[in-house]
Amino acid sequence: MRTSIATVSLSGSLTEKLTAASRAGFDGVEIFENDLLTGPLAPEEIRARCADLGLSVDLYQPMRDIEAVPEAEFARNLRRARHKFELMTRLGADTVLVCSSVSPLAEDDDDLAAEQLSRLAGLAREFGVRVAYEALAWGRHVSTYDHAWRIVEAAGHPALGTCLDSFHILSRGCDPQGIEDIPGEKIFFLQLADAPRIAMDVLQWSRHHRCFPGQGGFDVAGLVRHVLRTGYDGPLSLEVFNDVFRQAEAGPTAVDAHRSLLLLQEAVGAVELPAPVVPTGVAFAELVTPDAEPVTAVLDALGFNRAARHRGKPVDLWQRGEARILVNTGPAARRDGARLAAIGLESPDPAGAARRAEVLLAPVLPRRRAPEDTPLDAVAAPDGTELFFCATGRPELPDWRADFPDVTGQEPAANTTGKAIEETARDATRIDHLSLTQPWHQFDEAALFHRAVLGLRPQESVDVADPYGLLRSRAVSDDDGRVRIALTVGAAPTDDTAHAQHIALATDDVVTAARRFLAAGGLLLPVPVNYYDDLAARYEFAEGEWETYRELGILYDRDAGGAFRHCYTRTIGRVFFELVQRDPGYRGYGAPNAPVRLAAQHAGRPPR
Ligand SMILES: O=C(O)c1ccc(O)c(O)c1
Ligand SMILES: [Mg+2]
């Protein structure tokens with residue numbers, strides 16, 4: 001299907017918006033009047049620009065407060081309309097959106113509304129323009145799509161149809177089933193937006209919190225299925241008023257937007273994409289650091305061994321049990337310290353996973369960085385994290401381990417790699433989860449990306465109090481908990497405590513692991529005694545258990561499925577490690593303890 005986006009959904013000048021829409025793969029745009037009025041380009045120039053960019057001008061909008069008004073007022077409205085229709089001819093736009101009136105002059109009179117809209121459509125037709133009448137959820141007398149359609153039907157004018165907008169329909173809880181009663185050729189336009197389910201005034205909700213389909217709580221795909229059953233064959237057009245997108249760079253927003261429409265089309269069966277390939281484990285996490293020592297000192301104290309070194313690059317493989325961490329001191333290292341730059345995901349079908357990611361607009365990374373490298377499928381996530389699709393120890397496929405001869409000098413032949421990993425697997429350590437901080441404007445995109453591209457399931461988003469702001473966190477995971485990624489975003493873009501990433505290592509016995517780490521010279525994040533006093537009031541512990549947690553700085557949480565015990569190392573650059581002991585049924589990530597952890601991290605930060 002054709003895809004379109006309203007210019008109001010993107011930031012910047014009209015030229016920037018059009019360029020971003022075209023680059024992201026949209027076929028057309030809705031031009032918002034404001035974007036035309038405030039810019040230097042004449043309508044003919046905008047038309048030419050769109051044509052050059054391969055964009056059609058699918059809609060011009062909005063016209064407001066037109067219908068069901070006293071005759072003298074309506075005469076003025078027609079004068080205004082004539083001017084707009086002339087402008088639309090110059091712009092090359094053949095459909096105008098008229099939203100239901102919010103004017104105090106409007107009367108609650110459907111016959112009058114129909115009669116005046118019919119006259120408006122008559123004038124529009126002289127200019128080759130069609131009028132699409134949309135019910136605003138807060139319209140004065142017309143606020144539902146079925147009411148708008150009754151008026152359009154009564155008017156019976158060929159140049160008058162309706163515009164459906166998923167936000168106005170779903171925000172009011174209207175049943176979209178009734179859409180199927182509208183003939184497809186009378187649906188002149190379809191606008192799509194999702195929104196988080198928040199209780200607030202519908203106008204404010206619409207103007208500030210719309211998001212792209214799949215990023216909120218509405219069943220937008222369900223609505224589109226009803227629309228397609230009518231035979232509607234116009235574009236799927238995104239109209240998203242959103243405070244974040246108004247500020248964020250237009251290019252990435254447009255990509256996020258187009259990805260959401262691809263997924264929507266997949267969901268309704270309008271397009272077939274390569275099937276999702278859900279990862280089955282974490283092969284490795286890669287830290288890039290200007291200075292290996294502080295990282296390797298912590299890994300060493302955590303019981304990791306330097307197992308292998310990359311043949312051609314300054315990258316070491318550190319391993320403990322099934323947890324594998326690459327420490328890269330190569331040219332990608334930045335002065336601001338260690339960061340989590342890449343994740344290896346075990347994939348049942350690495351090439352298939354990369355194909356889906358590419359179709360869903362993820363940048364594909366070179367399969368080889370150097371001629372002698374093993375070719376690996378990899379893409380970049382929206383935050384820049386490189387995702388490698390791995391087939392560790394599967395002789396029929398390229399194996400990332402092949403580039404890492406053991407430190408003993410022995411080349412791991414593809415078919416012995418599996419065995420090497422099996423031997424160390426007796427030690428129960430593995431990566432429980434990875435926490436990735438997202439750019440402030442890409443949080444919703446990140447959740448949709450990980451769901452759509454990797455087939456991971458997002459959990460509810462949680463808000464966490466940080467002493468200097470509010471942090472949002474949303475985990476995505478596979479159904480078996482073999483791959484868990486916590487996506488977080490801090491309020492203050494400059495605050496590096498809230499922006500540190502971490503690697504959580506699963507252990508069967510966090511007390512022993514913490515003691516070993518301390519004995520090996522490691523430092524754990526100190527936790528205030530107040531926390532433990534409160535913990536003792538909240539839960540009952542076995543004899544001595546609580547005292548041990550307090551002594552070591554171990555945090556504790558519990559849900560219906562079991563307990564979670566965890567502690568943290570000090571932060572190195574932009575990363576830290578967490579040791580976690582997770583009961584099999586526990587689903588969370590210790591979120592109730594996150595404010596304690598953040599406060600301690602702030603307190604322990606070296607003064608600037
Ligand atoms: O918020 C508004 O006024 C507005 C304008 C035009 C639309 O298509 C819409 O859905 C909302
Ligand atoms: Mg709309």
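Residue numbers start at 1 and run along the sequence shown.
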Exercise. Does the side chain to side chain contact (heavy atoms under 4.5 Å, CB included) test come out yes or no for E286 and I343, once each step is laid out?
Worked result: CA-CA 6 Å; E286 179 169 354; I343 302 174; over 6 Å; no
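- L91 contributes atom CG, which lies 13.5 Å from atom CD of E86 (distance to the nearest 0.5 angstrom).
- The closest donor-acceptor contact from the side chain of S9 to the backbone of I5 lies at 3.5 Å or more, if one exists at all.
- Nearest heavy atom pair, residue A500 against residue T571, reads CB-CG2, 4.4 Å.
- Within 6.0 Å of CZ on R140 lie more than 12 heavy atoms contributed by other residues, nucleotides or ligands.
- Considering only heavy atoms from C-beta on, I46 comes within 4.5 Å of I31 through its side chain.
- The environment of CZ in R82 is sparse: at most 12 heavy-atom neighbours from other residues, nucleotides or ligands sit within 6.0 Å.
- A distance of 11.5 Å separates CD in E33 from CG in L97, rounded to the nearest 0.5 Å.
- Nearest heavy-atom pair across V379 and A362 is CB-CB, 4.1 Å.
- Under a 3.5 Å cut-off, the side chain of D478 and the backbone N or O of V483 do form a donor-acceptor pair.
- The ring of Y145 has its center no closer than 6.0 angstrom to the ring center of H168.
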Problem set entry | Audit row: H441, Q247, side chain to side chain contact (heavy atoms under 4.5 Å, CB included) steps and yes/no | CA-CA 8 Å; H441 53 280; Q247 292 179 64; over 6 Å; no
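- Residues T162 and F189 fail the side-chain proximity criterion, which asks for heavy atoms closer than 4.5 Å.
- Cation-pi contact between R210 and F241: absent, since separation from the ring centre below 6.0 Å together with deviation from the ring axis within 45° is not met.
- Distance alone, capped at 3.5 Å, is enough to place a donor-acceptor pair between the E16 side chain and the S13 backbone.
- Between H433 and H502 the shortest heavy-atom distance is NE2-NE2, 3.4 Å.
- S100 places a side-chain N or O within donor-acceptor distance of the main-chain N or O of V142, the cut-off being under 3.5 Å.
- Judged by distance alone, the side chain of R356 and the main-chain N or O of L454 form no donor-acceptor pair under 3.5 Å.
- At least one side-chain heavy atom of V152 sits under 4.5 Å from a side-chain heavy atom of K186.
- Across every non-hydrogen atom of D65 and S101, the tightest pair is OD1-OG, 3.3 Å.
- From L192, atom CG reaches atom CZ of F218 across 12.5 Å, with rounding to the nearest 0.5 Å.
- In the displayed structure, R23 atom CZ is contacted under 6.0 Å by at most 12 heavy atoms of other residues, nucleotides or ligands.
- The closest side-chain heavy-atom distance from D256 to Q215 is below 4.5 Å.
- Of the residues listed (W205, W138, F212), the one engaging F167 in a ring pair (Phe, Tyr, Trp, His ring centres under 6.0 Å) is W205, and it is the only one.
- Within a 6.0 Å radius of CD in E249, no more than 12 heavy atoms belonging to other residues, nucleotides or ligands are found.
- Nearest heavy atom pair, residue S143 against residue A135, reads C-CB, 3.9 Å.
- E445 CD to L487 CG: the interatomic distance, rounded to the nearest 0.5 Å, is 11.0 Å.
- Shown here is E272, whose CD atom has no more than 12 heavy atoms of other residues, nucleotides or ligands within 6.0 Å.
- Between D58 and R2 there is a salt bridge, since a side-chain N of the basic residue sits under 4.0 Å from a carboxylate O of the acidic one.
- A donor-acceptor pair is defined here as one N or O able to donate and one able to accept, closer than 3.5 Å; no such pair exists between the side chain of R484 and the backbone of L434.
- L223 is not listed as a side-chain neighbour of D219, based on a closest heavy-atom distance of 4.5 Å or more.
- Side-chain contact between L263 and L360 is present, with heavy atoms from C-beta onward closer than 4.5 Å.
- I179 pairs in a side chain to side chain contact (heavy atoms under 4.5 Å, CB included) with only one of the listed residues (D146, L228, T230), which is T230.
- Rounded to the nearest 0.5 Å, atoms CG (N242) and OG (S11) are 11.0 Å apart.
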Problem set entry | Step-by-step side chain to side chain contact (heavy atoms under 4.5 Å, CB included) determination, L273 to R355 | CA-CA 9 Å; L273 309 180; R355 267 199 305 279; over 6 Å; no
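- Ring pair F388/W400: centre-to-centre distance not below 6.0 Å.
- The pair R369-E386 counts as a salt bridge, with a side-chain nitrogen and a carboxylate oxygen less than 4.0 angstrom apart.
- A donor-acceptor pair is defined here as one N or O able to donate and one able to accept, closer than 3.5 Å; such a pair exists between the side chain of D194 and the backbone of G214.
- With hydrogens and angles ignored, the 3.5 Å screen pairs a side-chain donor or acceptor of T19 with a backbone N or O of T15.
- For D243, the CG atom counts as densely surrounded, since its 6.0 Å shell holds more than 12 non-hydrogen atoms of other residues, nucleotides or ligands.
- With contacts defined as side-chain heavy-atom distances shorter than 4.5 Å, the pair L471/D463 does not qualify.
- For the atom pair CG of L59 and CD of Q191, the computed distance is 6.0 Å after rounding to the nearest 0.5 Å.
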Problem set entry | Full working for side chain to side chain contact (heavy atoms under 4.5 Å, CB included) between L36 and Y60 | CA-CA 10 Å; L36 180 134; Y60 184 69; 4.2 Å; yes
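- Between L387 and A381, the closest heavy-atom pair is CD1-CB, 4.1 Å.
- Within the 4.5 Å cutoff, side-chain heavy atoms of C50 are placed close to those of L18.
- Between the side chain of R457 and the backbone N or O of S477, no donor-acceptor pair lies under 3.5 Å.
- Within the 3.5 Å criterion, the main-chain N or O of L287 finds no donor-acceptor partner in the side chain of N328.
- More than 12 heavy atoms of other residues, nucleotides or ligands lie within 6.0 Å of CZ in R367, so this atom counts as buried by the packing criterion.
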Exercise. Between E67 and N77, does a side-chain hydrogen bond (donor to acceptor under 3.5 Å, both in side chains) hold up when you go through it step by step?
Worked result: CA-CA 9 Å; E67 79 286 15; N77 290 349; over 6 Å; no
